Number of protein chains: 2
Amino acid sequence: MNENKAAKRSRQPDSPPAEANARTRIFLAAEALVAERGFDAVSSRDITARAGVNLGAINYHYRSKHELLLEIFRTRAGELNRERQAMLRAALAQKPVSARTILRALIEPPTLWSSDERRTALTYLNRARREGPSEVREIIRADVRHLRRFATALESALPEVSREEILWRLHFTLGVLHHNSAADYERLALLSDGQCAPDDREALLARLLAFITAGFGV
Amino acid sequence: MNENKAAKRSRQPDSPPAEANARTRIFLAAEALVAERGFDAVSSRDITARAGVNLGAINYHYRSKHELLLEIFRTRAGELNRERQAMLRAALAQKPVSARTILRALIEPPTLWSSDERRTALTYLNRARREGPSEVREIIRADVRHLRRFATALESALPEVSREEILWRLHFTLGVLHHNSAADYERLALLSDGQCAPDDREALLARLLAFITAGFGV
DNA sequence: ACTCGTATCAAACACTTGTTTGAGATTTAT
DNA sequence: ATAAATCTCAAACAAGTGTTTGATACGAGT
C-alpha cells in the first residue's frame, strides 16, 4: 500500500499556486473550489483538474479527499486562532482589562483578512463550520477551548455580568461573525441596491465593533 | 409522460405525519431529514424510506427531488414571513413607531416557533439559506422585498441613523438570527458545560432583543 | 550502472445518486 | 358495473462519486 509515506511533507502551503509541488497545488485548488461552490459541490475530479494533477493524486498525497479537507480546515483555523490569541494576550496584559479590546481581539483578525488568499481561507472556514463533514465538529471542540479563554477574559472585564449572560452574548457575536459568506453579502447588496459594500474592511470592523460592544453593554 | 398531473393538489401539509396521503408524508419526511442531517446528506431513498413510500413517489408527486425541496422552502418561508409582516403592521400602527417593536416583529416569530414541527421547519429554513441549491437564492430575492419593509420601518423610527447604517445593523441582526442550527447550539452547550440551554424560548427572546436593540442604540 | 524510494499517469473499480419505466393496484365518476 | 383517472410498486437506467490498481517515469545515492 502507499501508506502515508507522503504525509509528513511540506509544511504551510502559503501562497504560490503557480508552480509549487503537487501537494500544495491540490491544497490551494481544493480550498478555492470549496470556498467558491460549497463543500458538497466539489468533486475529486474538480480539484485535480484545477490543480493540474492526476485524479489519483489526492489519495496519494493525502490519504483521502476527506483528510485533505480536514487538513485545510486545521491549517486555516490554526492560523486564525493564533492571531486571535496573540491579540487576546496583548489585551489581557494591560490593566484594567477592557472588554472592548478583548472583543476586538475576536473580531479584528477575521475581518481584516482581506487579501485574496485569506478571504478564500475565511470563506472556507465558514463553509466548513456549516456544511463540513462531521469530523470538523471534533476540531471545533478544540475551538471551544480557544473560545473559553475569551469567555473568561470577558468575565474578568465585566464582573457585573453573569457568566451565563456572557456566554450567550458570545454566542450571538459568533453568529454575526460567521454571517459573511458570499451569499450573505449578496443579500445585503440586493437589500441596499449596492449601497453597502463589504470591501472597506476598516469601516466594516468599526461597524462590527460598535454593534457588538453595544450588545455587551460596553 | 406523467406531466405535472398531481402538481396542483393538496395545499398545506400542516402536521400529521401519521397517516396522511403520500404527498404530505414525503414533504414532512424530507423536511425533517434535511433539518437533521443537512441538505446534501439526504438522498431520495432516505426520504422515501422515512415516508414509507416507493422510491419513485418523489418524482411522481413532485416533479423532482429538487422541486420538493424548493416547495418546502417556499411553504415555510411564507409562513414565517406572514407572521412577521402581521407583527410589523401592528408595530407601524402605533405612533410614534418604536424601533424596539419593529425589531421584535423580526425576532419574535422565529424565536417562539418552539413546537417540534416548527423547530424543524426553522432548522430547514436556516439550512436552505446556507447549503441550499442555488434556486433558493431566487426566492431569497423575494425575501429581500420582505426585509426592505423592515429597513424602511426602522428608518422612520430612527431618523437620526443613516439608511446605510441601518442596513448594516440589519445584516448583523440576521447573522444572529440565523445562528441557531443544532451545531451552533452544540458549541454553546460545550462552551457553557450545558449551562446555557436554548429551550427556554422566552428567555432567549429577551436576550436576543436586548442584544440587538443595544446594537441599534435603542 | 543500477537500484530504490518517490511521483505521475490512464484505466478500471465498486458504489450511490436521481430519475424513468411499464405493469399492476386502487379509487372515482358516470 | 365499466371506464378513466389516479396512485403505487419493483426493477432498471445512465451518470457521477471516491478510491484502487499496475505500469511507467523520474532522480538521487552507494
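Please read these numbers as outputs of a predicted model, since none were measured by experiment. Sequence lines set the chain letters: A, B, ... in the order given, protein chains first and strands last, and positions in each chain run from 1.
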Checklist entry - What do the steps show when you test B:R37 against B:D46 for salt bridge (Lys or Arg N to Asp or Glu O under 4.0 Å), and what is the final call? => result CA-CA 11 Å; B:R37 307 184 194 170; B:D46 293 334; 3.5 Å; yes

Nearest whole angstrom, please: distance from the [atom2] of [N] to the [atom1] of [X].
X	N	atom1	atom2	result
A:R45	D:dA15	CZ	C1'	11 Å
B:D40	D:dG16	CG	C1'	14 Å
B:L55	C:dG18	CG	C1'	8 Å
B:E67	C:dG18	CD	C1'	14 Å
B:H66	C:dT20	NE2	P	14 Å
B:I47	C:dT16	CD1	C1'	15 Å
A:R23	C:dT6	CZ	P	13 Å
A:D46	D:dT17	CG	C1'	11 Å

Would you indicate, yes or no, if [N] has its OP1 or OP2 atom less than 4.0 angstrom from a side-chain nitrogen or oxygen of [X]?
X	N	answer
B:S64	C:dT19	yes
B:N54	D:dA10	yes
B:H61	D:dT6	no
B:S43	C:dT16	no

Taking the six-membered ring for Trp, is the centroid-to-centroid distance between [X] and [Y] below 6.0 Å?
X	Y	result
B:F39	A:F39	no
A:H179	B:H171	yes
A:H61	A:F27	no

Next on the checklist: For a quick check under 3.5 Å, do B:R163 and A:Q195 share a side-chain donor-acceptor pair by atom type?
Outcome noted: no

Checklist entry - Within the structure shown, what part of the strands sits under 4.0 Å from A:A57 by heavy-atom distance: base, sugar-phosphate, or nothing? => result nothing

Next on the checklist: Starting the side chain at C-beta, find the nucleotide from C:dG18, C:dT6, D:dC7 nearest to B:Y60.
Outcome noted: D:dC7

